[in-house]
Every structure is written in structure tokens, then in C-alpha cells.
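Worth saying up front: this structure is predicted, and the values here are computed from it rather than measured.
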Amino acid sequence: MSRPARAPSPGAAALCAGLAVLLLLPAALHGATPAGEPQKKPLTAAEVLAASTAADWRALDPSNTLYLELPAGRVVIELAPLFAPHHVANVQALARGHYFDGLWIMRAQDNYVVQWGDPDGKKPVGAAHRTVGAEFERPLRGLSITRFPDPDTYAPEVGFVDTFPVAADPAIGRAWLVHCYGMVGAGRDNDVDSGGGTEPYVVIGQAPRHLDRNVTLFGRVVWGIEWLSTLPRGTGTMGRYEHPEQRVPIRSMRVAADVPPGERTELEVLRTDTPTFLAYVEARRNRHEEWFKVPAGRVDVCNVPVPARKVKAPQ
């Protein structure tokens with residue numbers, strides 16, 4: 001028996017409506033031409049970003065930004081208190097207590113994750129907590145999601161909330177962060193409440209979406225992911241470094257607000273609640289670069305990286 005076609009969700013309808021609004025934007029953004037003139041080629045993602053304005057970007061909040069200092073360079077992590085407030089607060093406390101200073105990256109598993117912490121699990125956590133209650137998901141109510149109209153394998157709806165990739169199920173009224181490339185989570189044991197941020201991991205491979213709602217995600221790498229993704233792979237079980245000399249030392253992990261302004265990495269990220277972001281998503285959905293011959297016509301939420309750029313110093 002045939003099944004009735006599913007009606008578009010409110011989120012999908014909203015995104016389609018938002019794309020229609022693009023037709024009313026300035027010609028510099030959507031490539032429209034006056035009546036009677038040849039239609040211009042649709043913009044590529046790079047061209048959409050080039051046509052963006054200052055209002056399409058926002059600066060990182062230093063109080064919700066971490067600097068992971070490695071011998072190769074700095075990794076900038078944006079925290080997500082809207083989804084994991086207790087983990088965010090605990091990781092901030094760990095960083096302010098210098099817990100991570102002098103520890104190691106102890107695992108680099110190919111096409112999966114890089115993880116750091118105390119291999120022996122003996123370093124005191126100071127004023128922080130060793131474990132925090134799981135924060136796998138949160139109520140959908142109160143979230144403003146820029147939803148995608150494309151189907152997703154793992155959730156009824158996907159999109160973005162303030163630059164973070166999100167999945168949602170309106171039937172149960174829940175939403176959660178998803179394991180896209182660069183997302184940061186809190187490693188745990190079998191007990192769901194056995195994590196707390198003492199062993200963070202970063203996704204460095206194809207999105208392991210099967211981990212969604214099984215591990216607490218509390219942030220994402222905004223800058224410097226290459227210092228993690230290019231590390232030598234561990235040869236032990238699950239990519240663990242089998243010998244201490246293989247581990248990568250961590251110089252420090254600090255809250256950006258605690259770093260002198262002159263030593264900060266000033267970044268801004270593309271807002272995900274604007275018509276420009278909708279145009280960017282559409283350009284990722286239907287690639288208009290000359291190399292592409294067959295546009296996909298849809299896009300996965302983890303194939304829409306949110307651009308970041310350094311803030312230009314005032315002249």
C-alpha cells in the first residue's frame with residue numbers, strides 16, 4: 001500500500017520561504033538582473049561570502065571560547081552552553097584550574113576522533129568535577145533553528161542554532177547537537193553520567209552520527225583543526241598512543257577571556273540566522289562552480305561548515 005507523501009515540516013517551509021526572500025536581496029548577493037538582460041550565473045559559496053556584510057558575522061564570545069595550546073599551534077574552541085551548560089561550566093573550571101596544562105593528546109584514531117587528557121586518570125581536578133550528569137539533548141522549545149528542507153538519516157529535522165549543527169524531533173520535543181567534523185565532546189565510560197570534560201575529543205573524520213545522543217557534545221573547533229586532524233595516528237586500540245613518547249604534549253588550555261587581549265585570536269563566524277547563510281546553504285546544495293556538472297540538489301548538515309575569519313585590526 002502506498003504511503004501518503006509527508007507534508008513539509010514548519011522548519012522546511014521556513015527555509016524554503018527564506019530562500020524565496022533571497023530573490024529580493026541586492027543583485028550583488030543573488031545575481032539577479034534587470035528585466036531584459038541575460039540571467040547571471042548563480043553565485044558560488046565563495047561569492048556569497050564575498051558579498052556578505054559585517055552584519056552577517058559575529059565575534060566569538062571570549063567567555064565561551066577555549067584556547068588549546070599545542071606545540072604546533074593554537075586550536076580555538078567555541079563552547080555551547082545552550083546545549084550543555086554544566087559541561088561547559090566544568091570544562092571552564094578545569095581550564096581555569098590548569099588541569100589540562102602538561103597533559104597529553106593520548107589518542108588519534110583515523111577517520112574518527114582525537115582525544116586528550118590524563119592517561120592515568122590521577123591528576124586532581126581542583127574546584128571542578130570529575131563527572132557531570134549527561135547532557136545528550138535538551139528541550140526543543142525555545143530554540144530558533146535554521147532548518148534544512150533536505151531529509152536526514154538520523155533525525156526528522158536538522159539545521160543550525162547559532163553556528164552549531166543541530167538535530168531535532170518535534171514529535172518528542174527534543175533537540176541535540178550532532179557529531180559533525182570538528183565537534184567537541186566529553187568522553188565517558190559505560191555509565192552515561194561518567195563524563196565531565198576531563199577527556200575531551202574532537203571529530204576528525206566522517207561524521208559519526210551514531211554517537212548522537214550517546215555522548216555529550218559541548219563545543220566545536222572554530223580555528224586550528226589542522227593541528228589535530230593531521231596528528232600521527234595511534235597504533236594501539238582505538239588509536240591510542242602505545243608509548244608515552246608518542247603523545248603530543250598540551251602546553252595549556254585556557255578560557256579566552258582570561259588571556260590578555262593582545263594575545264587573543266580575534267575571530268568572527270558567519271551567523272546562521274540570516275538570508276546570507278541561507279544563500280550559502282543553497283550554494284552548498286547546488287554547486288555552481290565550473291567544475292561541477294551534476295548538482296546534488298540537497299546537502300547534509302555536516303557538509304555545511306560554518307566559515308570563520310580573523311578580525312581585521314583597525315587601521
Side-chain angles (χ1 to χ4, degrees), residues 6 9 11-12 77-80 82-84 86-88 91 105-117 131-140 143 145-161 163-221 225 228-229 231 233-240 281 284-285 296 298-306:
R6 180 184 176 187
S9 68
I77 298 170
E78 182 178 25
L79 299 172
L82 197 60
F83 288 86
H86 300 297
H87 278 76
V88 166
V91 171
I105 292 178
M106 55 191 183
R107 175 185 173 202
Q109 186 172 359
D110 190 51
N111 197 32
Y112 205 46
V113 302
V114 163
Q115 190 169 21
W116 63 93
T131 61
V132 175
E135 295 177 292
F136 296 165
E137 57 185 26
R138 58 148 288 162
L140 175 58
L143 287 180
I145 302 177
T146 302
R147 290 176 170 86
F148 285 16
D150 302 314
D152 182 77
T153 300
Y154 294 91
E157 295 183 353
V158 292
F160 279 82
V161 172
T163 74
F164 288 93
V166 172
D169 187 345
I172 61 174
R174 307 297 290 178
W176 56 93
L177 296 176
V178 300
H179 279 78
C180 295
Y181 182 80
M183 291 296 287
V184 183
R188 68 170 177 87
D189 295 325
N190 287 342
D191 185 344
V192 297
D193 296 330
S194 59
T198 59
E199 294 188 0
Y201 66 88
V202 174
V203 176
I204 60 163
Q206 182 176 357
R209 294 285 303 281
H210 59 284
L211 297 179
D212 294 355
R213 292 194 288 177
N214 283 285
V215 194
T216 298
L217 290 169
F218 63 85
R220 69 184 187 94
V221 174
I225 186 69
L228 299 171
S229 62
L231 288 175
R233 299 322 189 225
T235 55
T237 304
M238 300 180 69
R240 291 190 177 275
V281 171
R284 298 281 301 185
R285 176 181 289 111
R298 59 183 59 190
V299 69
D300 183 273
V301 67
C302 287
N303 200 25
V304 182
V306 177

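Put simply, the side chain of P208 reaches to within 4.5 Å of the side chain of Y112, judged on heavy atoms. A 4.5 Å side-chain heavy-atom check between V132 and F218 finds every atom pair outside the cut-off. Looking at F83 and L143, their side chains come closer than 4.5 Å, going by heavy atoms from C-beta outward. Using a 4.5 Å heavy-atom threshold, the side chains of V184 and L217 count as separate. You'll find the side chain of V166 stays beyond 4.5 Å of the side chain of V158, heavy atoms only. Looking only at side-chain heavy atoms (C-beta outward), L140 and I145 come within less than 4.5 Å of each other. Proximity of N111 to Q206: side-chain heavy atoms (C-beta onward) are separated by under 4.5 Å at one or more points.
Checked by atom type and distance alone, the side chain of D191 never pairs as donor or acceptor with a backbone atom of D189 at under 3.5 Å. With hydrogens and angles disregarded, no donor-acceptor distance shorter than 3.5 Å links the side chain of T131 to the backbone of S194. Looking only at distances, no side-chain donor or acceptor of R188 sits under 3.5 Å from a matching main-chain atom of A134. Checking side-chain atoms of E135 against main-chain N and O of H86 turns up a donor-acceptor pair under 3.5 Å. Although no hydrogens or angles enter the test, the distance criterion places no donor-acceptor pair under 3.5 Å between the side chain of R107 and the main chain of W116. Judged purely by atom type and a 3.5 angstrom limit, E157 has no side-chain atom pairing as donor or acceptor with the backbone of R147. With R138 contributing its side chain and R174 its backbone, the two residues share no donor-acceptor pair below 3.5 Å.
The shortest heavy-atom contact between A207 and C302 is CB-SG, 3.7 Å. Contact between V203 and V113 at its shortest, heavy atoms only, is CA-CG1, 4.2 Å. Pairing each heavy atom of H87 with each of A186, the nearest pair is CD2-CB, 3.7 Å. Residues A155 and A168 approach most closely at CB-O, 4.2 Å, considering heavy atoms. Residues E199 and Q115 come closest through the heavy atom pair O-NE2, 3.1 Å. The two atoms that bring A84 and T216 nearest to each other are CB-CG2, 3.8 Å, heavy atoms only.
In R298, the CZ atom is not crowded: 12 or fewer heavy atoms of neighbouring residues, nucleotides or ligands sit closer than 6.0 Å.
The aromatic rings of F160 and F148 sit tilted, their planes meeting at an angle between 30° and 60°.
Annotation: the span from D300 atom CG to C180 atom SG amounts to 7.0 Å, rounded to 0.5 Å. The CG atom of D212 sits 9.0 Å away from atom CG of L177, with the distance rounded to the nearest 0.5 Å. Here the CZ atom belonging to R240 is positioned 12.5 Å from the OG1 atom belonging to T235, to the nearest 0.5 angstrom. In this structure, W176 CH2 and Y154 OH are separated by 13.0 Å, a value rounded to the nearest 0.5 Å.
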Given side chain to side chain contact (heavy atoms under 4.5 Å, CB included), test V306 with R220 step by step and report yes or no. CA-CA 11 Å; V306 177; R220 69 184 187 94; 4.0 Å; yes
May I have the step-by-step check of side chain to side chain contact (heavy atoms under 4.5 Å, CB included) for Y181 and V202, ending in yes or no? CA-CA 8 Å; Y181 182 80; V202 174; over 6 Å; no
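By the 4.0 Å N-to-carboxylate-O rule, D152 lies close enough to R209 to be salt-bridged with it. Using a 4.0 Å cut-off between charged side-chain N and carboxylate O, R233 and D110 make a salt bridge.
Y201 and H179 form a side-chain donor-acceptor contact under 3.5 Å, judged by distance and modelled atom types alone.
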